[in-house]
Number of protein chains: 2
Amino acid sequence: MKKVTINSVASYAGVSKKTVSRVLNNEPNVSDATREKVLKVFKELDYTPNPIARGLAQNRSFIIGCIYDNPSKSYITRVQTGALAACQENNYNLLIHPCDLRGDALISNIEHLLQSSRLDGLVLTPPFSDFKVLVDFLKSKKIPYARVASAVLEDESISVRSNDEQGAFEITEHLINLGHKAIAFIKGHPDHSATEQRFKGYRRALSTHGIEFNERLVEEGNFSYHSGVDSARSILDLTPRPTAVFASNDYMAAAVLKLATQRQLKVPDDISIAGFDNAPIARHIWPGLTTIAQPVEEMTQQAVNKLIEHISEPQEQPYQVTLEARLITRESTAQIKP
Amino acid sequence: MKKVTINSVASYAGVSKKTVSRVLNNEPNVSDATREKVLKVFKELDYTPNPIARGLAQNRSFIIGCIYDNPSKSYITRVQTGALAACQENNYNLLIHPCDLRGDALISNIEHLLQSSRLDGLVLTPPFSDFKVLVDFLKSKKIPYARVASAVLEDESISVRSNDEQGAFEITEHLINLGHKAIAFIKGHPDHSATEQRFKGYRRALSTHGIEFNERLVEEGNFSYHSGVDSARSILDLTPRPTAVFASNDYMAAAVLKLATQRQLKVPDDISIAGFDNAPIARHIWPGLTTIAQPVEEMTQQAVNKLIEHISEPQEQPYQVTLEARLITRESTAQIKP
DNA sequence: CGACATTATGACACCGGTGTCAGGTTTGAA
DNA sequence: TTCAAACCTGACACCGGTGTCATAATGTCG
């Protein structure tokens with residue numbers, strides 16, 4: 001088994017390698033007869049072009065980088081799934097790059113990544129989607145990028161998000177419709193723009209339904225299970241105890257559920273609990289968590305697809321899309337007891 | 001900002017590009033004076049070699065592929081973490097490739113992957129670590145590979161595993177020591193070698209402690225949460241009901257816990273539950289699951305490190321390591337009620 | 001001090017593709 | 001029928017490194 005290169009194809013087909021290259025890239029100005037002849041040789045010799053050589057000639061790597069810093073494994077996996085789907089469609093590869101850095105260290109880390117891997121583009125996932133320094137840096141280096149689930153940052157680029165504010169509104173409204181008025185809220189990590197969005201949705205629902213906002217019912221979390229435990233403790237210690245808790249993600253909601261159960265509280269009879277994200281844990285525990293499902297895979301796939309399109313033929317106009325989130329009701333929320 | 005290539009470095013330093021290349025690769029036969037001069041220019045011009053060009057010249061990609069088909073997101077993330085750590089140490093990149101295929105389709109899928117991405121090596125994670133056809137295929141194509149968490153397949157290559165049989169033995173023994181005799185067992189996916197290993201450990205513990213093996217207490221699962229629900233139903237319906245359940249992984253154990261709780265059973269008072277893997281869910285639920293922790297990241301990191309080493313300088317002797325698993329006791333198991 | 005081994009260096013081809021451009025052929029309109 | 005425009009094709013340089021080999025400089029030893 002010896003290597004099949006463009007040269008062997010060319011000599012076998014009796015044409016120049018440039019012509020073979022033309023066929024490979026679907027370029028015009030090749031007669032149908034020649035094209036077919038070459039295509040046949042492709043099959044006969046089982047030829048696959050060498051992406052490395054191609055990359056060298058065109059100064060591209062056909063690799064997209066995906067950077068993240070997220071405590072939720074399921075979220076990361078979903079992001080990867082979407083990104084991989086888009087990459088495979090376009091014969092790109094995906095390079096994953098977890099990084100738990102902020103500020104200057106982040107920039108130099110990314111700079112090193114770009115230098116050493118020659119990425120063609122970068123996908124930014126939360127919380128990086130909203131890091132202005134990073135976006136500015138990429139812009140100055142002229143590195144194409146796409147942002148997933150960004151909420152606040154105004155930027156003329158590719159961005160696919162879902163409507164966190166609306167999702168939070170709906171789930172809060174769901175609790176209100178069940179008769180709850182004292183609804184505690186656990187915030188997410190301050191670096192994530194979703195944190196602010198979800199909080200906004202919560203407040204909008206309260207005000208829409210004429211419920212006064214009570215600051216004492218709000219706890220600061222950071223999306224981690226552990227932070228949920230701390231917040232849960234504070235909330236469950238309140239007197240009077242709130243009749244419902246809306247945590248900004250499912251891990252923190254699970255923490256509330258765990259602590260409540262430990263304290264012999266019945267969920268949802270004694271207290272309703274809602275989360276956000278529809279992480280696997282939401283349906284793996286009892287009672288299952290009422291939550292908001294976002295189309296994470298689809299968001300990422302769209303973002304990466306657009307990114308790759310943009311790399312091939314740079315476009316001026318931005319691409320900004322917002323997909324809908326969806327309320328999923330499970331057993332953790334119920335009508336308030338009279 | 002223009003590109004810094006080996007040519008610019010060479011002319012700036014007043015040497016040939018071959019000499020620069022020598023310095024880059026730490027080759028001998030460069031005088032100290034020259035070496036230092038070139039190194040200084042590296043810094044001054046902030047030069048980073050182009051991995052693509054290097055790859056073309058040496059016919060390598062500096063990319064390791066990692067294939068998996070595993071329902072557990074946390075397991076996948078842990079594998080990735082370990083693999084990435086090893087790759088970064090060695091200036092390699094990691095290409096992830098989920099694939100849910102069996103048999104011929106798998107082979108042709110992998111073949112396509114290898115052809116189109118020119119991977120330098122492949123990391124096989126369960127269940128692929130024990131797929132003989134795949135291993136044979138890679139051997140015939142002379143693609144370097146390393147296997148993570150393989151248990152059964154005898155193969156002269158790189159393999160890092162943990163002791164599943166011993167882990168299962170210990171956790172079963174733990175239950176026995178708590179006074180349990182009727183211990184149900186839920187098997188994993190039949191394609192995974194861990195399934196058989198864990199079952200073996202369970203049986204060995206029983207026989208070591210003179211408890212007769214009872215086939216009716218064994219259920220077939222497949223590591224998914226959903227399969228755990230089905231198995232849990234059968235087990236909880238048994239009369240007399242077993243006093244303990246050992247599920248082959250934490251997701252299935254979580255399913256047992258959920259169903260038991262739904263049925264108003266108290267865990268661990270009415271029934272003890274144990275899992276395997278120490279997945280995040282094991283400590284996110286109440287009561288926390290007693291389980292076995294494996295050093296997944298370390299296993300993968302070692303495997304990838306050895307693989308990269310092997311790629312640079314092919315070695316004859318195999319590398320086979322077994323790391324220890326560790327029992328973690330939480331609230332889901334307790335002394336049997338008299 | 002001369003003969004030979006060793007070390008240091010560079011010229012040049014090469015990896016497997018793509019971009020540029022020139023030259024030949026076909027097409028179509030006058 | 002003629003000539004310009006459009007189409008097809010290949011020669012050749014190039015991308016940014018590495019491998020081979022020749023040659024120059026230095027070191028070693030009798």
Side-chain angles (χ1 to χ4, degrees), chain A residues 2-39 41-42 45-63 91 114-120 311-313, chain B residues 2-39 41-42 45-63 91 114-120 311-313:
Chain A
K2 60 174 178 300
K3 272 182 302 186
V4 181
T5 73
I6 199 171
N7 288 297
S8 37
V9 172
S11 66
Y12 195 89
V15 297
S16 74
K17 62 183 210 175
K18 177 66 217 188
T19 299
V20 176
S21 166
R22 286 197 181 92
V23 175
L24 260 184
N25 297 285
N26 271 312
E27 284 175 34
N29 299 341
V30 179
S31 71
D32 290 351
T34 310
R35 189 180 298 273
E36 258 180 68
K37 190 169 55 181
V38 174
L39 286 173
V41 177
F42 281 175
L45 301 187
D46 191 21
Y47 169 70
T48 319
N50 184 331
I52 309 214
R54 232 204 275 226
L56 179 59
Q58 301 190 136
N59 195 26
R60 350 209 252 136
S61 61
F62 297 96
I63 295 179
N91 277 311
L114 292 171
Q115 287 230 339
S116 63
S117 299
R118 312 277 158 151
L119 304 178
D120 289 347
I311 290 168
S312 319
E313 37 196 297
Chain B
K2 59 175 177 300
K3 273 183 302 188
V4 181
T5 74
I6 198 171
N7 288 297
S8 36
V9 173
S11 66
Y12 195 89
V15 297
S16 75
K17 62 184 211 175
K18 178 65 217 190
T19 299
V20 177
S21 166
R22 286 196 180 93
V23 174
L24 259 183
N25 296 285
N26 270 312
E27 285 174 35
N29 297 342
V30 180
S31 72
D32 289 351
T34 310
R35 189 180 298 274
E36 257 180 68
K37 187 169 57 182
V38 173
L39 286 173
V41 175
F42 281 176
L45 302 186
D46 191 21
Y47 168 71
T48 319
N50 184 331
I52 308 213
R54 230 206 275 228
L56 179 59
Q58 300 191 136
N59 196 26
R60 353 208 250 135
S61 60
F62 297 95
I63 294 178
N91 277 311
L114 291 171
Q115 286 230 339
S116 62
S117 299
R118 313 277 159 150
L119 303 178
D120 288 347
I311 290 168
S312 319
E313 35 197 298

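The chains referred to below are lettered A, B, ... by the order of the sequence lines, with proteins before strands, and numbering in each begins at 1.
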Taking for A:I6 and for B:T34 the nucleotide of DNA chain C with the nearest heavy atom, the one nearer the 5' end belongs to B:T34
With a 3.5 Å distance limit and no angle check, can you tell me whether A:T5 reaches the backbone of A:N7 through a side-chain donor-acceptor pair?
yes
Return the 5'-most residue of the pair B:A57, B:G14 with respect to DNA chain C, ranking by each residue's nearest nucleotide.
B:G14
When you measure from the side chain of B:S117 to the backbone of B:L114, do you find a donor-acceptor pair of N or O atoms at a distance under 3.5 Å?
no
Would you say A:N50 and A:K3 make side-chain contact, with heavy atoms under 4.5 Å?
no
Sequence neighbours excluded and cut-off under 3.5 Å, please list the side-chain donor-acceptor pairs for residues 20-30 of chain A, or say none.
from, atom 1, to, atom 2, distance (Å)
A:N25, OD1, A:R54, NH1, 3.0
A:N25, ND2, A:S21, O, 2.8

B:F42 atom CZ: more than 12 heavy-atom contacts under 6.0 Å:
yes
Going through the checks in order, is the side-chain contact (heavy atoms from CB on, under 4.5 Å) test met by A:D120 and A:Q58?
CA-CA 11 Å; A:D120 289 347; A:Q58 301 190 136; over 6 Å; no
Measuring only between side-chain heavy atoms, which start at C-beta, is B:L45 closer than 4.5 Å to B:V9?
yes
Contact list for DNA chain C against residues 24-33 of chain B - heavy-atom distance below 4.0 Å:
B:N29, B:V30, B:S31
Minimum heavy-atom distance B:K37-B:A13, with the two atoms named
CE-O, 3.6 Å
Anything under 4.0 Å to a heavy atom of chain B counts; send over the first and last such nucleotide of DNA chain C, read 5' to 3'.
C:dT7 to C:dG16
Whole-Å distance between D:dC21 C1' and B:R22 CZ?
11 Å
A:V15 near the nucleic acid: base, sugar-phosphate alone, or nothing, with a heavy-atom cut-off under 4.0 Å?
sugar-phosphate
